[in-house]
Amino acid sequence: WIEPVDLQPIKDIGRATGTTINDVLLAVLTNALRKYLVEKDALTVEDLFTAVPISLRRPDADLPRTLGNRFGLIPVLLPVSIEDAVEQLQEISRRLDDLKESQMPVVSFGLISVSSLMTPDVERLLHKVTQEHSIGVTTNVPGPRHPIYVAGGEVLGSWGMGGLSGNMNLSFGIYTLNGKLNFSVHSDTGITEDPERILDFFLESIEELQAEVLDVQ
């Protein structure tokens, strides 16, 4: 994981390009993965498929008494074949807009719910479809915009991680807290070597996009 960094540059990039914070963060991740593949001489695909959880609850909905999750998984194709960082951002934004207008999150939630009622063999078969095509899960959670404390100590950062199984060997945790951005990589180093390089490239990609969009030197 990285040490928390300022979220403001991400907001500024989104404002300047007419995109969302989520668009910018996924574009930064895309550029970081492209750099990693180029360094390993392994850029052999146009897109990388990551599964992104999306909440199906209204933001203003009350917390349910029984807690529990209500989310769907959407398949996001990260365009690692695009070299220009701004073009990457524009393409990510377009793809996410298309997904938001689709029924994919609701269908995904239905499949997740139904699979829990089936036999273990059928459940594994349903999940195998995702596992064979996705590199992993990318979580992006907006946290509180103010400091939070546990037992008198301020919480400086937090991450959420998707599980790894089958061919899914890379999960990413993005979490914003009190104006800071947290980013982490969960990986199988037997498949993806040097995951810390992805962290380096993630920070480098923020600076590059900031320089290109905001003309910051």
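On a predicted model such as this, the values are computed, not experimentally measured, just so you know. By convention here, the first residue in the shown sequence is residue 1.
Nearest approach of Lys180 to Pro4, heavy atoms of both residues: CB-CB, 4.0 Å. Residues Glu91 and Pro79 come closest through the heavy atom pair CG-CG, 4.1 Å. Across all their heavy atoms, Ser81 and Arg34 have their closest contact at O-NH1, 3.4 Å. Minimum interatomic distance between Pro195 and Val185 (heavy atoms only, all atoms of both residues): CB-CG1, 4.0 Å. Considering all non-hydrogen atoms of both residues, Pro147 and Glu154 come closest at CB-OE2, 3.8 Å. Nearest heavy-atom pair across Thr192 and Ser187 is O-OG, 4.4 Å.
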Please report, to 0.1 Å, the donor-acceptor pairs under 3.5 Å made by any side chain of residues 36-45, with sequence neighbours excluded.
unit_1: Tyr36; atom_1: OH; unit_2: Glu193; atom_2: N; d: 3.2
unit_1: Tyr36; atom_1: OH; unit_2: Glu193; atom_2: O; d: 2.2
unit_1: Glu39; atom_1: OE1; unit_2: Arg197; atom_2: NE; d: 3.2
unit_1: Glu39; atom_1: OE2; unit_2: Arg197; atom_2: NE; d: 3.4
unit_1: Glu39; atom_1: OE2; unit_2: Arg197; atom_2: NH2; d: 2.7
unit_1: Lys40; atom_1: NZ; unit_2: Asp194; atom_2: OD2; d: 2.6

For residues 5-12, which side-chain N or O atoms pair as donor and acceptor with protein atoms under 3.5 Å away, sequence neighbours left out?
unit_1: Asp6; atom_1: OD1; unit_2: Gln8; atom_2: N; d: 3.1
unit_1: Gln8; atom_1: NE2; unit_2: Asp12; atom_2: OD1; d: 2.9
unit_1: Asp12; atom_1: OD1; unit_2: Arg15; atom_2: NH1; d: 3.1

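Distance alone, capped at 3.5 Å, places no donor-acceptor pair between the Ser184 side chain and the Trp1 backbone. Although no hydrogens or angles enter the test, the distance criterion places a donor-acceptor pair under 3.5 Å between the side chain of Gln88 and the main chain of Ile82.
Through side-chain heavy atoms spaced under 4.5 Å, either directly or across other Ile, Leu, Val, Met, Phe, Trp or Tyr residues, Ile148 is tied to Val141, Val150, Val155, Tyr175, Leu177.
Thr176 is linked by a side chain to side chain donor-acceptor pair (under 3.5 Å) to nothing, counting only residues two or more places apart in sequence or in another chain. Listed by chain and residue number, Thr50 satisfy the side chain to side chain donor-acceptor pair (under 3.5 Å) test with Thr138 (two or more places apart in sequence, or in another chain).
Among residues at least two apart or in separate chains, there is no salt bridge (Lys or Arg N to Asp or Glu O under 4.0 Å) pair with a member in residues 77-89.
Here the OG1 atom belonging to Thr189 is positioned 10.0 Å from the CG atom belonging to Asn169, to the nearest 0.5 angstrom. For the atom pair Leu89 CG and Thr19 OG1, the distance stands at 4.0 Å (nearest 0.5 Å). Distance check, rounded to the nearest 0.5 Å: OG1 of Thr30 to CD1 of Ile92 gives 3.5 Å. Atoms CG and CG, on Leu77 and Leu48 in that order, are 9.0 Å from each other to the nearest 0.5 Å. A distance of 8.5 Å separates CD of Glu3 from CG of Leu156, quoted to the nearest 0.5 Å. Atoms CG and CZ, from Leu33 and Phe202 in turn, are 10.0 Å apart once rounded to the nearest 0.5 Å.
Under the 4.5 Å side-chain criterion, counting only non-hydrogen atoms from C-beta, Leu181 is in contact with Ile206. Counting heavy atoms from C-beta on, the side chains of Phe172 and Ile198 come closer than 4.5 Å. Taking the side chain as every heavy atom from C-beta outward, Val76 and Phe49 never approach each other to under 4.5 Å. Residues Ile13 and Gln210 form a side-chain contact, since some pair of their non-hydrogen atoms from C-beta on lies under 4.5 Å apart.
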Verdict with reasoning, Leu96 to Asn22, per side-chain contact (heavy atoms from CB on, under 4.5 Å): CA-CA 9 Å; Leu96 290 178; Asn22 187 51; 3.7 Å; yes
Could you please spell out the steps behind the side-chain contact (heavy atoms from CB on, under 4.5 Å) verdict for Leu199 and Phe183? CA-CA 8 Å; Leu199 300 177; Phe183 174 71; 3.7 Å; yes
Might you work through the side-chain contact (heavy atoms from CB on, under 4.5 Å) test for Val28 and Leu209, ending with a clear yes or no? CA-CA 8 Å; Val28 168; Leu209 195 55; 4.2 Å; yes
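Checked options Thr20, Asp23, Thr17; the residue passing with Ser93 is Asp23 (criterion: side chain to side chain donor-acceptor pair (under 3.5 Å)).
Environment of CD in Glu46: sparse, with no more than 12 heavy atoms of neighbouring residues, nucleotides or ligands closer than 6.0 Å.
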